[in-house]
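Shown next, in structure tokens, is the structure this report addresses.
Hydrogens, waters and symmetry mates are skipped; everything else that's a heavy atom, side chains included, is used. By convention in this document, chain letters (A, B, ...) are assigned in the order of the sequence lines, proteins followed by strands, and residues within each chain are numbered from 1.
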Amino acid sequence: MSGKVRVRFAPSPTGHLHVGGARTALFNWLFARNKGGTFILRIEDTDRERSTEESYRGIVDALRWLGLDWDEGPEVGGAWGPYFQSERRDGYRERAEMLTAGGKAYPCFCTAEELAERRQAMKSLGADPRYDRRCRDLEPGIVEELLSRGKPHVIRLKTSDEGVIEFTDIVHGKIAVPAEQIDDFIIVKSDGFPTYNFAAAVDDSRMEITHIIRGDDHLSNTPRQLLIYEALGARPPAFAHVPLIMGPDKARLSKRHGSTSIQQMRDEGYLPEAMVNYLALLGWSYDDSAQLFSMEELIEKFSLDRVSDKPAVFDYKKLRWMNGEYMKKRSVEDRVRLVMPHLEAAGLVKDPADGRMRDFVKRVVEVVGERLKMPQDIVELSDFFFRDEVEYDEKAAGKFLKRHYVGPAFRVLEDRLQTLHAYNEIGIEELMRGLAAEMGLKAGELIHPVRVALTGRAQSPGIFEVMALLGKEKVIERLARARRAYA
RNA sequence: GGCCCCAUGGUCUAGUGGUCAGGACACCGCUCUUUCAAGGCGGUAACGGGGGUUCGACUCCCCCUGGGGCCA
């Protein structure tokens with residue numbers, strides 16, 4: 001392959017950025033970065049009905065959030081622009097006229113009804129319902145007349161029934177389709193707009209795209225696009241069709257399987273680096289063991305020949321695990337920032353948190369430590385730090401607070417904490433262990449009831465850390481309350 | 001329906017004619033420990049079926065089955 005690599009990601013702004021689309025974008029981007037090539041963003045907004053500014057914004061934001069920047073495209077420009085198909089219509093019209101003038105395409109005046117009728121007829125004869133090329137050899141005079149009368153028409157590409165259309169896909173290998181399989185398909189619709197295949201092929205050739213990396217769902221479009229390239233007299237790019245992403249039921253991943261848009265995943269607390277890493281591993285692998293890759297490593301190691309050719313099921317559990325791994329790598333400050341909106345939303349922290357509160361949250365985050373897999377986990381993990389009164393989990397309270405020794409033990413503990421000079425983790429631990437020993441209890445037998453009294457739950461971060469952070473006052477108050485309520 | 005693609009544990013995958021079929025997530029034990037999480041150790045679990053080719057097939061070929069895609 002000679003020349004500089006040029007790849008593109010070409011979404012339609014008709015919805016959110018789907019995880020499948022995001023992975024396609026990622027593979028293109030990684031390939032470009034690995035090869036020192038150019039990554040182009042092209043917006044395929046020829047469907048004016050469904051394209052929206054909002055979708056466009058959402059897609060662009062999502063790509064940036066993932067860290068996928070483009071060298072040419074909207075907002076950054078480039079020498080091959082414009083990068084919105086809606087602004088490239090003249091180009092499609094010119095190419096279509098060129099092909100028609102050159103005898104490689106022709107206007108077809110058959111109406112949708114006529115076509116449907118003939119298709120039905122062919123079907124009932126047991127034949128494949130394909131266009132019968134009726135308008136292909138119309139007398140030039142008749143064509144002129146119909147055109148001048150303004151009769152609605154489409155433009156079709158002339159195709160041959162002879163031979164096979166063959167190409168080598170980088171991930172699938174040799175692919176061959178019998179030429180007869182493809183009829184004289186439409187390249188320009190009756191409203192003057194290009195069809196998807198035509199617009200894409202024209203743009204890819206004019207933008208000098210060298211490698212088309214896209215979803216498997218476009219595999220069967222490829223022969224048609226190859227035919228367009230040929231008619232245009234352009235050299236076709238290399239193709240790499242990556243397998244689709246499926247839901248657990250092996251059907252194409254869709255909304256009913258869960259969150260499928262990058263925007264949604266972001267709102268749900270997934271970290272971009274986890275998302276990127278997970279997506280990279282869906283359909284690509286480096287070796288027999290590596291799982292965690294930084295963006296730099298991905299760029300360095302990515303290659304198309306290690307892309308799988310089989311569909312992959314999206315596994316939210318593994319993504320969650322990976323998110324936890326990346327959460328651990330984030331600084332405490334980062335985690336505070338991530339966690340804050342959730343504390344606010346839960347009403348545990350009032351909205352613009354002041355400096356004191358931020359400091360406190362920071363210490364909570366430190367105490368919670370690696371238990372945080374998702375930012376929102378903070379609520380369940382630490383609500384007791386923020387509430388005035390704990391809500392007891394009935395099972396936990398029943399199991400630990402009703403023990404006969406709890407009342408007396410708490411009473412002594414309250415007194416000793418009151419006079420404890422070194423009210424810190426170490427001092428508290430010493431005190432607690434000492435007290436347990438004195439009373440002939442195992443440390444756990446004292447600790448568990450204390451945990452329930454302070455947090456309401458049977459599980460929590462380390463109890464000495466919790467006590468230290470909660471503060472002497474609150475700890476004593478909660479111990480007393482639990483004692484009165486249960487013991 | 002036609003054409004195209006695909007088939008290793010529940011999931012993501014390594015494997016490119018001779019491996020005890022490896023790793024990761026999930027799951028289950030054990031361990032550490034004040035609980036949970038994390039960590040450490042260990043475990044259950046796979047080559048869809050049938051034909052070939054070959055001394056030998058997960059690996060190559062064909063058929064079937066199953067899944068997916070595109071077009072209709």
Side-chain angles (χ1 to χ4, degrees), chain A residues 20 115-116 119-120 122-124 126-131 164-165 167 169 171-183 185-186 196-197 215-224 241-253 277-292 305-325 327-328 367-373 377 380-381 396 399-400 428-429 432-433 436 441-452 454-455 457-467:
Chain A
L115 256 18
R119 208 177 288 132
Q120 235 5 76
M122 286 170 95
K123 253 181 146 168
S124 57
D128 290 344
R130 295 184 298 128
Y131 179 61
V164 282
I165 301 162
F167 65 99
D169 185 276
V171 340
H172 290 285
K174 261 209 171 25
I175 290 177
V177 180
E180 60 183 23
Q181 213 39 239
I182 290 161
D183 62 4
F185 60 93
I186 299 172
Y196 164 76
N197 280 324
D216 251 355
D217 49 342
H218 289 292
L219 196 53
S220 20
N221 280 326
T222 308
R224 284 185 181 77
H241 287 93
V242 311
L244 266 18
I245 297 178
M246 320 299 263
D249 59 355
K250 310 275 177 141
R252 200 173 172 162
L253 187 70
N277 193 154
Y278 180 70
L279 251 20
L281 251 27
L282 258 197
W284 174 83
S285 63
Y286 178 63
D287 57 19
D288 61 356
S289 58
Q291 303 290 320
L292 265 19
D305 54 17
R306 289 199 65 85
V307 171
S308 158
D309 57 3
K310 26 190 166 283
V313 174
F314 195 91
D315 183 359
Y316 291 91
K317 279 195 176 154
K318 185 156 184 178
L319 208 211
R320 191 182 155 80
W321 164 77
M322 207 169 257
N323 209 67
E325 292 301 305
M327 195 64 93
K328 288 185 208 166
V367 167
V368 166
E370 295 189 348
R371 273 160 271 248
L372 210 56
K373 281 201 165 67
D377 292 347
E380 206 178 331
L381 252 23
K399 183 169 175 196
F400 293 113
I428 292 167
E429 175 160 7
M432 292 271 287
R433 289 194 189 281
L441 297 171
K442 283 195 277 187
E445 290 175 314
L446 178 60
I447 285 168
H448 296 315
V450 169
R451 168 174 291 112
V452 179
L454 302 184
T455 72
R457 304 213 178 88
Q459 307 91 261
S460 80
I463 198 63
F464 310 124
E465 291 167 271
V466 168
M467 291 172 81

Could you work out the separation of [N] and [M] based on their [atom1] atoms and round it to a whole Å?
{"N": "B:rU34", "M": "B:rC41", "atom1": "C1'", "result": "23 Å"}
{"N": "B:rG49", "M": "B:rG66", "atom1": "P", "result": "15 Å"}
{"N": "B:rC27", "M": "B:rU65", "atom1": "P", "result": "38 Å"}
{"N": "B:rU54", "M": "B:rC62", "atom1": "C1'", "result": "16 Å"}
{"N": "B:rG42", "M": "B:rC64", "atom1": "C1'", "result": "41 Å"}
{"N": "B:rC25", "M": "B:rC20", "atom1": "P", "result": "25 Å"}
{"N": "B:rC70", "M": "B:rU19", "atom1": "P", "result": "41 Å"}
{"N": "B:rU59", "M": "B:rC47", "atom1": "C1'", "result": "10 Å"}

Rounding to an integer number of Å, can you tell me how far [X] [atom1] sits from [N] [atom2]?
{"X": "A:N277", "N": "B:rC12", "atom1": "CG", "atom2": "C1'", "answer": "12 Å"}
{"X": "A:D217", "N": "B:rG68", "atom1": "CG", "atom2": "P", "answer": "14 Å"}
{"X": "A:K317", "N": "B:rA24", "atom1": "NZ", "atom2": "P", "answer": "18 Å"}

Determine the contact category for [X]: base if any of its heavy atoms lies under 4.0 Å from a base atom, sugar-phosphate if only primed atoms, P, OP1 or OP2 are that close, otherwise nothing.
{"X": "A:P461", "value": "base"}
{"X": "A:R320", "value": "nothing"}
{"X": "A:G462", "value": "base"}
{"X": "A:M322", "value": "nothing"}

Side chain to side chain, A:R224 and A:I165, heavy atoms closer than 4.5 Å: no

Excluding sequence neighbours, so at least two apart, what forms side chain to side chain contact (heavy atoms under 4.5 Å, CB included) with A:K442? A:E445

For A:R252, side-chain hydrogen bond (donor to acceptor under 3.5 Å, both in side chains) partners two or more places apart: A:D217

Would you please name every residue forming a side-chain hydrogen bond (donor to acceptor under 3.5 Å, both in side chains) with A:Q181, sequence neighbours left out? none

From the set [options], return the single nucleotide nearest to any side-chain atom of [X].
{"X": "A:A251", "options": "B:rA14, B:rG68, B:rU34", "result": "B:rG68"}
{"X": "A:R371", "options": "B:rA38, B:rG68, B:rU35", "result": "B:rU35"}
{"X": "A:K318", "options": "B:rC70, B:rA24, B:rG2", "result": "B:rA24"}
{"X": "A:I463", "options": "B:rG2, B:rU13, B:rU34", "result": "B:rU34"}

Nucleic acid footprint by protein, nucleotides 4-10 of chain B - heavy-atom cut-off 4.0 Å, B for base, S for sugar-phosphate alone: SSSSS--

Reading nucleotides 39-44 of chain B from 5' to 3' and marking B where a protein heavy atom lies under 4.0 Å of the base, S where only the sugar-phosphate is that close, and - otherwise, the string is S-----

Report the residues that fulfil ring-ring contact (aromatic ring centres under 6.0 Å, His included) with [X], sequence neighbours left out, ordered by chain and then residue number.
{"X": "A:H172", "answer": "none"}
{"X": "A:Y286", "answer": "none"}
{"X": "A:W321", "answer": "none"}
{"X": "A:F464", "answer": "none"}

Taking only side-chain nitrogens and oxygens of [X], does any of them come within less than 4.0 Å of OP1 or OP2 of [N]?
{"X": "A:R306", "N": "B:rG15", "result": "yes"}
{"X": "A:R433", "N": "B:rU34", "result": "yes"}
{"X": "A:S285", "N": "B:rA14", "result": "yes"}

Partner nucleotide of [N] by Watson-Crick or wobble geometry (both distances under 3.5 Å):
{"N": "B:rG39", "answer": "B:rU31"}
{"N": "B:rC3", "answer": "B:rG69"}
{"N": "B:rU53", "answer": "none"}
{"N": "B:rA24", "answer": "B:rU11"}
{"N": "B:rC58", "answer": "none"}

Could you grab the distance from atom CG of A:N221 to atom CG of A:N197, nearest 0.5 Å is fine? 4.0 Å

Of A:R252 and A:A312, the one whose closest RNA chain B nucleotide lies more 5': A:A312

Sidechain-backbone polar pair: A:T455 side chain, A:V452 backbone, donor-acceptor under 3.5 Å: no

Once you measure the plane-to-plane angle for A:H241 and A:F167, does it fall in the parallel (<30°), tilted (30-60°) or perpendicular (>60°) bin? perpendicular

